A.B. asks: 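Please see the structure below; I have some questions.
Because the structure is predicted, anything quoted here is derived from the model rather than measured. Residue numbers begin at 1 in each chain, while the letters A, B, ... track the order of the sequences.
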Amino acid sequence: MAVVTLRDGSSREYPQPVTPLQVAEDLSRRLAKETIVAKVNGVLWDINRVMPEEAELELLDFDNPQARDIYRHSTAHLMAQAVQELYPDVKLAIGPAIEDGFYYDFDLGEPLTPDDLEKIQRRMEELVKEDLEIQRQVLSREEAIKLFSEMGENYKVELIEDLPEDAEISCYRQGDFLDLCAGPHVGSTGRIRVFQLTSVAGAYWRGDEHNIMLQRVYGTSFVKQSQLEEHLRMLEEAKKRDHRKLGRELDLFSLNEAGPGLPFYHPKGVIIWNELLKLWREEHAIDGYMEIRTPQILNQRLWEQSGHWDNYAENMYFTEVDDNNFALKPMNCPGAMLWYLTQHRSYRDLPLRSAELGLVHRHEASGVLHGLMRVRAFTQDDAHIFMLPSQIEEEISGVIDLVDRLYKVFGLDYRLEISTKPEKSMGSEEQWETATQALISVLENKGVDYKINPGDGAFYGPKIDFHVQDCLKRSWQCATIQLDFQMPERFDLTYIGEDGQKHRPVMVHRVAYGAIDRFLGILIEHFAGSFPVWLAPVQVKLLPIADRHHQYCKEVAASLVKAGIRVEVDSRNEKIGYKIRQAQGEKVPYMLVVGDKEVEAGKAALRTRSQGDLGQVDLPQFQERLLEEIKTRQLN
RNA sequence: GCCGAUGUGGCUCAACGGUAGAGCAGCUGAUUUGUAAUCAGCAGGUUGUCGGUUCGAUUCCGACCGUCGGCUCCA
């Protein structure tokens, strides 16, 4: 006798234990068809796995994120099965579900081509038609290791060996295909409906570049064809937002072979850049920061002292002048240290917040360069805060608030991560522990969500990172707050305490935008090039209908320019439709169309990029409204 | 850096073993125009670079450089 309690509280009785699928079939055909996975007594459960005699059952379909991941994970298995049949010598690595899809890593000794993907996709389709049952099987550790060793699946053996002692080791079988997997999975291959393999790429085993490179095949799957089409449409839309495309179209910046990863900013890009800095300086002044500037290159000895020579040299550019070795700065901190040392500091001076818009150069691997998001020269909106140990929490909290204030201006969402001690690092375990706990405690006290990112800290200390997503949902680190007990030590920074004795200050490195370059890239995508008026390189474009309106347009433009508004006049010999089309393409927020009627009335016909023709407006009124919109930095 | 793909005028793309073509942009002229493309003409490329194969290469091969998608790393 088995009792199954459903989500709505009702219960059903069966003469013997049943599977979730049997219950679903009992309830409705449609439910049986749409259910991907079950939750039995709160645990994810294969729909074809017999439930305990007393079970609380929940049936999950594709709309449920967990079920969706399972569906895609099953698609990854399906792909692995197809690959194994087509390439019998393949060794399987891992194949998880990811945001929007899945991948599977294969060791096949030879690279896959896009043509191979089609072949694999076709084989997958056949396997779906065969509707092979996917069965769970539990093994002992010894059995599992023996089984996968015999199969020659050394990556799987390695995975099993790394599983915790008490882990239940399970496999899933579909036809002749067997894979190590915690599961659960969809009940049979026939339940996987719409899928598409999207790309191949090399990926290192366990993400470590010292390991062998595997072939990673990416794909995605859905239950309805329309969902796949919608997904592909979204990708197309995202491409239109790509900051590299918009950066060229809007003439904001360019990249050149002459300097890979070294961006050139065009006049319109610099306008946005400067507006960002204007806001930045306003907000930093409010928070009591002082701005400094330190040199672009400094003696190599300084970098030895700071620890960069030992920990960061591979990313640095060096140069030799008059038998002295210099390094182009990859970070601004040593400069800030030297500034701190120019005076005796008192505890009364602390916290001391020194900000620097520093251009830093880092030799990043060629393969990682990406538009403005990942470059080799970038300007950090850096700051170094020197403080008493007792001020740590308050200062970090202040930075978090400042970043939040700034990001709100743009309507940007972000995610917080705490990164802990990396392999290559300075300082004792205790220092790292204290510093990391301090960061955690600030976030806990503020009640904000965060994720721990183990081993991803800077070499001198743990950090809180602010991550923002680009249009393709790739996440980029923007702001970061890094606690540092090392640098003050290395540079022997001191302050005179209340007791008249020398003490060691604590330091925080932090950036708010992060790199102005990357932040600009993020903003281009965030706004899809349609910047809010305060950021728009051209705020108003005057469009005369005919030559006889040019003079009037020039006068209107002059008056707007005088008020500090960025204006262009399109006095080309073209029809109004053409000029509008062009201005819309440039994403100019306001267009003023001027013809006979407007000249006569002393007005202009207003058109906005988002709402179209709004009819005639009174110019002084328009100017006033515009100035207010700019001053308050209104979002679109 | 590694794996794969890719590289033709400012941009988007075509052609192909017999020394390149279109649209847009640009320039000139005509047109003086009312809310997303007026017409005509002109000009613009040693087909990323360097080698090799070939009677001949932009086309085939190799190396390098850049770019794109990943891996990894970080702002």
A.B. asks: Between A/Arg248 and B/G10, does any side-chain N or O lie under 4.0 Å from OP1 or OP2?
C.D. replies: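 Checking B/G10 against A/Arg248, no side-chain N or O comes under 4.0 Å of OP1 or OP2.
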A.B. asks: Measuring only the P atom in each nucleotide, how far is B/G7 from B/A75? A whole number of Å is fine.
C.D. replies: 35 Å
A.B. asks: Tell me whether the rings of A/His509 and A/Tyr460 are parallel (<30°), tilted (30 to 60°) or perpendicular (>60°).
C.D. replies: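 Parallel: the ring planes of A/His509 and A/Tyr460 meet at under 30°.
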A.B. asks: For a quick test of reading the model: is some side-chain N or O of A/Arg244 closer than 4.0 Å to OP1 or OP2 of B/G69?
C.D. replies: yes
A.B. asks: Is there a side-chain polar atom (N or O) of A/His370 under 4.0 Å from OP1 or OP2 of B/G69?
C.D. replies: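 So the side chain of A/His370 is within the cut-off, an N or O lying under 4.0 Å from OP1 or OP2 of B/G69.
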A.B. asks: Measuring to OP1 and OP2 of B/G69, would you say a side-chain N or O of A/Arg474 lies under 4.0 angstrom away?
C.D. replies: yes
A.B. asks: Please evaluate the base of B/G1 for a donor-acceptor partner in the side chain of A/Tyr204 within a cut-off of under 3.5 Å?
C.D. replies: yes
A.B. asks: Choosing from B/G66, B/A75, B/G34, which nucleotide comes nearest the side chain of A/Glu257?
C.D. replies: B/G66
A.B. asks: Start with the C-alpha distance between A/Arg233 and A/Glu236, add both sets of side-chain angles, then the distance that settles salt bridge (charged side-chain N to carboxylate O under 4.0 Å, His left out), and finish with yes or no.
C.D. replies: CA-CA 5 Å; A/Arg233 206 186 56 76; A/Glu236 284 302 310; over 6 Å; no
A.B. asks: Kindly indicate whether the side chain of A/Arg376 and the base of B/C74 share any N or O donor-acceptor pair separated by less than 3.5 Å?
C.D. replies: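 Side chain to base: no pair below 3.5 Å.
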A.B. asks: Would you indicate, yes or no, if B/A75 has its OP1 or OP2 atom less than 4.0 angstrom from a side-chain nitrogen or oxygen of A/Gln380?
C.D. replies: no
A.B. asks: For a quick check of understanding: with a heavy-atom distance under 4.0 Å over all strands, which category does A/Val375 fall into, base, sugar-phosphate or nothing?
C.D. replies: base
A.B. asks: With centres under 5.5 Å and planes under 30°, do A/Trp476 and B/A75 count as stacked?
C.D. replies: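 Per 5.5 Å and 30° rule: no stacking.
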A.B. asks: Can a donor-acceptor pair be found between the side chains of A/Arg518 and A/Gln477 at a distance below 3.5 Å?
C.D. replies: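 No, because no side-chain N or O of A/Arg518 sits under 3.5 Å from a partner of the opposite role on A/Gln477.
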A.B. asks: Counting the atoms with a prime plus P, OP1 and OP2 as sugar-phosphate, which does A/Glu598 contact under 4.0 Å by heavy atoms, base, sugar-phosphate, or nothing?
C.D. replies: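 Contact class for A/Glu598: base.
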A.B. asks: Would you say a side-chain N or O of A/Tyr218 is under 4.0 Å from OP1 or OP2 of B/G4?
C.D. replies: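 So the side-chain polar atoms of A/Tyr218 never come under 4.0 Å of the phosphate oxygens OP1 or OP2 of B/G4.
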A.B. asks: List every contact pair, protein side and nucleotides 25-30 of chain B side both N or O, where the distance is under 3.5 Å.
C.D. replies:
from: B/A25; atom 1: OP1; to: A/Tyr578; atom 2: OH; distance (Å): 2.6

A.B. asks: In terms of the nearest nucleotide of RNA chain B, which residue is placed more toward the 5' end: A/Arg206 or A/Ser366?
C.D. replies: A/Ser366
A.B. asks: Should the pair A/Tyr414 and A/Phe466 be assigned to parallel (<30°), tilted (30 to 60°) or perpendicular (>60°) ring geometry?
C.D. replies: tilted
A.B. asks: Can you find an N or O donor on one side and an acceptor on the other, under 3.5 Å apart, linking the side chain of A/Glu314 with the base of B/G1?
C.D. replies: no
A.B. asks: Taking the six-membered ring of A/Phe222 as reference, does the cationic atom of A/Arg72 (NZ for Lys, CZ for Arg) lie under 6.0 Å from its centre and within 45° of its axis?
C.D. replies: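 Yes, a cation-pi geometry.
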A.B. asks: Over 60° means perpendicular and under 30° means parallel, so tell me whether A/Tyr104 and A/Phe106 are parallel, tilted or perpendicular.
C.D. replies: parallel
A.B. asks: Looking at A/Lys463, does any N or O in its side chain come under 4.0 Å of the phosphate oxygens OP1/OP2 on B/A75?
C.D. replies: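 It does, given that an N or O in the side chain of A/Lys463 lies less than 4.0 Å from OP1 or OP2 of B/A75.
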A.B. asks: Determine the Euclidean distance between corresponding C1' atoms of B/G66 and B/U47; express it in Å to zero decimal places.
C.D. replies: 16 Å
A.B. asks: Which of the following nucleotides, B/C74, B/C65, B/U67, is nearest to the side chain of A/Asp456?
C.D. replies: B/C74
A.B. asks: Mapping A/Ile576 and A/Arg216 to their closest nucleotides on RNA chain B, which lands nearer the 5' end?
C.D. replies: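 Final value for this comparison: A/Ile576.
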A.B. asks: Looking only at the side chain of A/Pro260 (C-beta and beyond, no hydrogens), which of the listed nucleotides B/G66, B/A75, B/G1 gets closest?
C.D. replies: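 For A/Pro260, the side-chain atoms sit closest to B/G66.
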A.B. asks: Heavy atoms under 4.0 Å, any strand shown: does A/Gly577 hit a base, just sugar-phosphate, or nothing?
C.D. replies: sugar-phosphate
A.B. asks: Parallel, tilted or perpendicular: which fits the ring planes of A/His243 and A/His370, with parallel below 30° and perpendicular above 60°?
C.D. replies: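 Aromatic pair A/His243/A/His370 classed tilted.
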A.B. asks: State whether A/Gln584 places a side-chain N or O below 4.0 Å from either non-bridging phosphate oxygen (OP1 or OP2) of B/A37.
C.D. replies: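 It does not, given that no N or O in the side chain of A/Gln584 lies less than 4.0 Å from OP1 or OP2 of B/A37.
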